[in-house]
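Here is the structure we will look at, set down as structure tokens.
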Protein chains: 2
Amino acid sequence: MSGRPEVVATYLVETYLPLEQAAATIAGEQSTGTFVAVARETAELRDRFAARVVAIEELPPTGTADLPGTIRPEGAQRRSARIRIAFGLENFGPSLPNLLAAVAGNLFEIRQVAGIRLLDLELPDAFAARYPGPRYGVTGTRQVLDRPDGVLLGTIVKPSIGLPVEELRVVVRELAEAGIDFVKDDELMGNPPHSPLADRVAVVTEELDRVAQRTGRRPMYAFNITDDLDRMAANHDLVRDAGGTCVMVCVNLVGHTGLAWLRERCELPIHGHRAMTGVYTRAPQLGIDFVAWSKLARLAGADHLHTNGFSNKFYETDDEVLRSIEAVRRPLLGGYETLPVLSSGQWAGLAPETYRRTATTDLLVLAGGGIHGHPDGAGAGVAAMRAAWDCAVSGGELEKTAREVPALARALETFGAARG
Amino acid sequence: MSGRPEVVATYLVETYLPLEQAAATIAGEQSTGTFVAVARETAELRDRFAARVVAIEELPPTGTADLPGTIRPEGAQRRSARIRIAFGLENFGPSLPNLLAAVAGNLFEIRQVAGIRLLDLELPDAFAARYPGPRYGVTGTRQVLDRPDGVLLGTIVKPSIGLPVEELRVVVRELAEAGIDFVKDDELMGNPPHSPLADRVAVVTEELDRVAQRTGRRPMYAFNITDDLDRMAANHDLVRDAGGTCVMVCVNLVGHTGLAWLRERCELPIHGHRAMTGVYTRAPQLGIDFVAWSKLARLAGADHLHTNGFSNKFYETDDEVLRSIEAVRRPLLGGYETLPVLSSGQWAGLAPETYRRTATTDLLVLAGGGIHGHPDGAGAGVAAMRAAWDCAVSGGELEKTAREVPALARALETFGAARG
């Protein structure tokens, strides 16, 4: 079997069965199903198509709750393991949805496990041949923005929903004049009756053109084109035809396959929003880890991908956020360059810690309240963020820089106190 | 606000905060986000776009584990509630992906909840105008099969994967001659290099044509067309052009949006497989309940939908299975007729209990081992299933019927013992 192209899936498994038995059940359920005697299932067929248990690494107990329906033989101990299983590529070919049928499929329903999470996927080169992946990535995004280095700074239009387009115009103008790199729609703002995408595109691109003429800098605005697929493609065309330079897609809401479909038709950078990722990641004993999830999104073509940010308002710890950022930055099949997007609770004061932990400026940092909520306005919010990042990268001290940059001093004063 | 078209989402919420506060947080996070003070968010805007807490019904404690990151104020008690929240349709319009941004979105990540599940969705009529839903449903499927009444009986081709097409021909012939209504590909069998869909379609349709000429009956064969979307559409065309009468789609693997996209182009009944649904349903403190999930799949166009079966080999209890079957059968927006598909561990002996609990024959019951594993062959397996269902519907006793139908006697003998 060596030499055949394979996908290797890594799982966190909790079970009351012997680890070898649990691993064999997973491999069987998701390939030849050797536990049911079936006519015509020859030894040769099994040799060719059976998934293979590559490694079982026992881990300390996790203490998570058993999934409903778990088989618990009397007196059996619960054990945890990282289990790696190899599936022949021949079983499904280089197709994301058909890959998922094998590595996920019915797996989350089997009673032999008290817990199961798909942690990671190693994919053979055939996937690179099928999926072109990000068209722009980090390099392309920097080129469009004419920002060859330094962290990229952005924000989300607030309020999330319901802002009249003429007020949107004012918000965008203020942000663009402040030298921001990136502005995005909220994920709640798609193409609703009260604020049609066409109206937003007209107003925003007109305003960005004007600012660009005056300042020479044109921020990227990620219009949320998420919708039913034919409409999403039409939304993309609308943005492109108006001279827009970015589209946002909620990856889970159109699916990885929907994203890959868009990629085939898309001429702009795709800003991948992670809304609903929590349904896969948050239950400790079930789901799909961000590492595996993000690989699929990158293959499907996400140029930017939300990783959450340090000190965020959601459930993830800073260590988990760092792991997600690193996962997105790690080369995949020799490429698939995607820009990590840090969001939620971000502000100037987090720059040193973020830079210390990530050791890169290949990040798009989005601050909502940290920019819109700056007491001297969004312009000061952007200036404070930029100064804080320059300081962090040059190894300076924020307090010292703040003495020279009033906007930063005000940010530290305002948000530093509020956030402890 | 009364009279505006709304979506009402029902959640199971676990929290250490006052229930009113948790409910308000959910409503705020997923609409106007009133917990962050933002310029331009006027009272008028909030009135128009804020989600509204409709009802909070406290429930007995569930005893599930807290989600990671849960906020637990000192001394606070954990409480459970069914919470209903109304979102103005104006916030997102009748779009499945944009609906999900609101009713699910970031919700699974908020720290204010120790548990959160989306249980149900009530949708306004605008969704009926946008989504045509199942083209065939129960009635259309019965018409195609020329089976105006009685339960519909089917099976899955086994082995799941790797069967050479000439052996597939033999299996299909045997099943069709035995009078089966329905045969399907395994969800692991898409369009892999070792068994191209085109080859399977050619062989299976040829064989079904021959049997139909001899017997006058042509079973439906659900070819698994799941793939990247453009390929899925091409797969559909291939099946249609060859005279095939059904396609199978793994709903989660192409997404509800992918399914809705296919529906626009699809001329055949869509057999909706639920592979990977467990990732949404199995963690008791997180996810999306089958009731909500199945409504989205029906809107998106699933003519048949897997509900799992009684005494199945997976984690769900019989009560949960019954709830899923009833959910699929309940009219949605006055229509969206979808056929429940019972699968996993099904065999003749389960007919009386299944009929007693569901009180309907508008079911497609799939038996894998229960047909292929019959000691006298698949033909006897089908005969046993048919006799058992006739007996169940007429209120007879299986043991009595078995005295007249040797195939049923053998099934009871073989599977009854094995399954206790």
Side-chain angles (χ1 to χ4, degrees), chain A residues 31-33 36 38 40-41 45 48-49 65 67-69 90-93 95 97-98 100-102 104-106 108-111 158-163 167 187-188 190 192-194 226-229 250 253-255 257-258 260-261 275-276 278-280 282-284 286-287 314-315 369 372, chain B residues 31-33 36 38 40-41 45 48-49 65 67-69 90-93 95 97-98 100-102 104-106 108-111 158-163 167 187-188 190 192-194 226-229 250 253-255 257-258 260-261 275-276 278-280 282-284 286-287 314-315 369 372:
Chain A
S31 64
T32 53
V36 183
V38 175
R40 299 190 181 82
E41 183 164 306
L45 183 150
R48 185 167 164 197
F49 297 103
L67 288 171
E90 195 186 19
N91 289 23
F92 37 76
S95 158
N98 299 110
L100 281 173
N106 292 337
F108 302 110
E109 306 204 25
I110 65 173
R111 300 181 59 216
K158 296 284 174 189
S160 311
I161 194 165
L163 193 65
E167 296 201 34
E187 79 278 6
L188 293 173
H194 69 85
T226 307
D227 207 333
D228 283 310
L229 301 183
C250 295
L253 310 188
V254 302
T257 45
W261 179 85
M276 224 176 91
V279 84
Y280 302 112
R282 193 171 180 189
L286 185 78
F314 294 117
Y315 81 94
H372 294 284
Chain B
S31 63
T32 53
V36 183
V38 175
R40 300 189 180 82
E41 182 163 305
L45 183 150
R48 184 166 164 198
F49 297 104
L67 288 171
E90 196 187 17
N91 289 22
F92 37 76
S95 158
N98 298 112
L100 281 173
N106 293 337
F108 302 110
E109 306 205 24
I110 65 174
R111 301 180 58 217
K158 295 282 174 190
S160 311
I161 194 167
L163 193 66
E167 296 201 34
E187 78 277 5
L188 293 173
H194 68 85
T226 307
D227 206 334
D228 284 309
L229 301 183
C250 294
L253 310 188
V254 302
T257 45
W261 178 86
M276 224 176 91
V279 84
Y280 302 111
R282 193 173 181 188
L286 186 79
F314 295 117
Y315 80 94
H372 294 284

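Just so you know, these numbers use all the heavy atoms, side chains as well, and skip hydrogens, waters and symmetry mates.
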| query | Taking all atoms of both residues into account, what is the closest heavy-atom pair of A/Ala283 and B/Leu67, and its distance? | reply | CA-CD2, 4.3 Å
| note | All heavy atoms of A/Ser160 vs all of B/Ser31, minimum pair found to be CB-O, 3.8 Å
| said: Looking at chain B, which one of A/Gly287, A/Gly162, A/Ala101 has the largest number of heavy-atom pairs inside 4.5 Å, strictly under? | reply: A/Gly162
| field | Over all atoms of both residues, closest heavy-atom pair of B/Asn106 and A/Ala275 | value | OD1-CA, 3.9 Å
| Who passes side-chain contact (heavy atoms from CB on, under 4.5 Å) against A/Pro193, sequence neighbours left out? | none
| request: Quick one: closest heavy-atom pair of B/His194 and A/Glu90, and the distance? | output: CD2-O, 3.0 Å
| remark: Here the pair of heavy atoms bringing A/Val279 nearest to B/Leu286 is O-CD2, 3.7 Å
| note | Scanning both residues in full, the closest heavy-atom pair of A/Ala104 with B/Met276 reads CB-SD, 3.6 Å
| said: Given heavy-atom pairs under 4.5 angstrom as the criterion, report whether the side chain, backbone, both or neither of A/Ile110 touches chain B. | reply: both
| field | Option that, when pairs with chain B are counted at under 4.5 Å, heavy atom only, ranks first among A/Ala260, A/Gly255, A/Gly93, A/Pro97 | value | A/Pro97
| query | Partners of B/Ala102 by side-chain contact (heavy atoms from CB on, under 4.5 Å), sequence neighbours excluded? | reply | A/Leu188, B/Phe87, B/Phe92
| query | Do B/Tyr280 and A/Phe108 have their ring centres less than 6.0 Å from each other? | reply | no
| field | Leading residue by heavy atom contact count with chain B [cutoff under 4.5 Å; candidates A/Asp228, A/Leu45, A/Asn91] | value | A/Asp228
| Can you find a side-chain donor-acceptor pair between B/Asp227 and A/Ser95 that sits under 3.5 Å? | yes
| request: Please answer whether the main-chain N or O of A/Thr226 pairs with a side-chain N or O of B/Asn98 as donor and acceptor at a distance below 3.5 Å. | output: yes
| Based on non-hydrogen pairs under 4.5 Å, which of A/Pro284, A/Gly278, A/Gly69 is most in contact with chain B? | A/Gly278
| message | With rounding to the nearest 0.5 angstrom, report the CG to OG1 distance, A/Leu229 to B/Thr257. | response | 4.5 Å
